[in-house]
Amino acid sequence: MTSQATKVGVFGSGQVGETLANGFIKHGYQVMRASRSPEKLAAWKAGAGERASTGSPAEAARFAELFVLAVKGGAAETALEACGVKNLAGKVVIDTTNPLADAPPENGVLKFFTNLDQSLLERLQRQAPDAHLVKAFSCVGNALMVNPDFGGTKPSMFICGNHSAAKEKVVEVLVRFGWEVEDMGGAEAARAIEPLCMLWCIPGFKQNRWTHAFKLLKK
Ligand SMILES: NC(=O)c1ccc[n+]([C@@H]2O[C@H](COP(=O)([O-])OP(=O)(O)OC[C@H]3O[C@@H](n4cnc5c(N)ncnc54)[C@H](OP(=O)(O)O)[C@@H]3O)[C@@H](O)[C@H]2O)c1
């Protein structure tokens, strides 16, 4: 399947939804962007070109060959329900979410509502057992998600998920989006990947530095 043929559903009216929807359009995909109130995406649709459309979460899930969940972490399970779990069966679902608690950061360190023995991705995968969830894009700020410029160095994107073919499709996307992909294995690896968001945000909260990305050095 070529990227031109791939239909992508993006549930996310926030910055991540917008950035990734625009990234997919830039790379030739067809995108249906979703919100519980799709009318609030009208201005985006008007400016995003002929490959862009909007809809409800369930409409986007039905439309999608590849789906992106870009919703508030604390609402991710409710959001998945709104998509209709059966509409995502057999499909690749990129999970960008982070399990941020409502409490404020403590000395620059975000608080999570999960723990080190259970990630949000695992909870979502249990909720939608026939969907093929892949964690990606969770460990970098949205401004750097699509073709970030680090002077020729490709930053690392950590991914995980239980379905190998789904991860291959996500790798294809990430390579187009300018990333070197580090596959950390099955869904449990999200217990380690999701907290990278906490680490990524510390220089932001402490020094207002938001323009970095992780790089795994190897030899
Ligand atoms: N911001 C970043 O740079 C960044 C970077 C990496 C990862 N992330 C993660 O990516 C996700 C999206 O972040 P964001 O900053 O773009 O936006 P956000 O404000 O965290 O989420 C906005 C989205 O959440 C949905 N939502 C909120 N409450 C809901 C509920 N009760 N039921 C169903 N849906 C609900 C909204 O749906 P409606 O459209 O229907 O209102 C909207 O589409 C988050 O999990 C975040 O932690 C963010």
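Start at 1 and go down the list; that is how both ligands and their atoms are numbered. Worth saying up front: this structure is predicted, and the values here are computed from it rather than measured.
Counting only distance, with no hydrogens or angles, the side chain of W179 and the backbone of M145 share a donor-acceptor pair below 3.5 Å. In this structure a side-chain-to-backbone donor-acceptor pair under 3.5 Å is missing from N162 to G186.
Ring pair W200/H212 is tilted by interplanar angle, where 30° to 60° counts as tilted.
Protein non-hydrogen atoms do reach within 4.0 Å of atom 40 (O) of ligand 1.
Residue contacts with ligand 1: T97 is placed with no nitrogen or oxygen under 3.5 Å of a nitrogen or oxygen of the ligand (distance criterion only).
Contact between G141 and ligand 1 is present, with at least one heavy atom of the residue lying under 4.0 Å from the ligand. Residue-ligand proximity: E18 is placed with every non-hydrogen atom at 4.0 Å or more from ligand 1. The shell of residues lying under 4.0 angstrom from ligand 1, judged by heavy atoms, excludes T19.
Scanning all protein heavy atoms for the shortest distance to atom 6 (C) of ligand 1 gives V140 O, 3.2 Å.
Residue F137 touches ligand 1 through its backbone alone, judged by heavy-atom distances below 4.0 Å. At a heavy-atom distance under 4.0 Å, atoms from both the backbone and the side chain of S35 approach ligand 1.
Grouped by direct or indirect side-chain proximity (heavy atoms under 4.5 Å, Ile/Leu/Val/Met/Phe/Trp/Tyr only), F113 sits with F11, F67, L69, V71, L80, L88, V93, L120, L121, L124, L133.
Between E172 and R176 there is a salt bridge, with a side-chain nitrogen of the basic residue lying less than 4.0 Å from a carboxylate oxygen of the acidic one. Using a 4.0 Å cut-off between a side-chain N of Lys or Arg and a carboxylate O of Asp or Glu, K45 and E39 do not qualify as a salt bridge.
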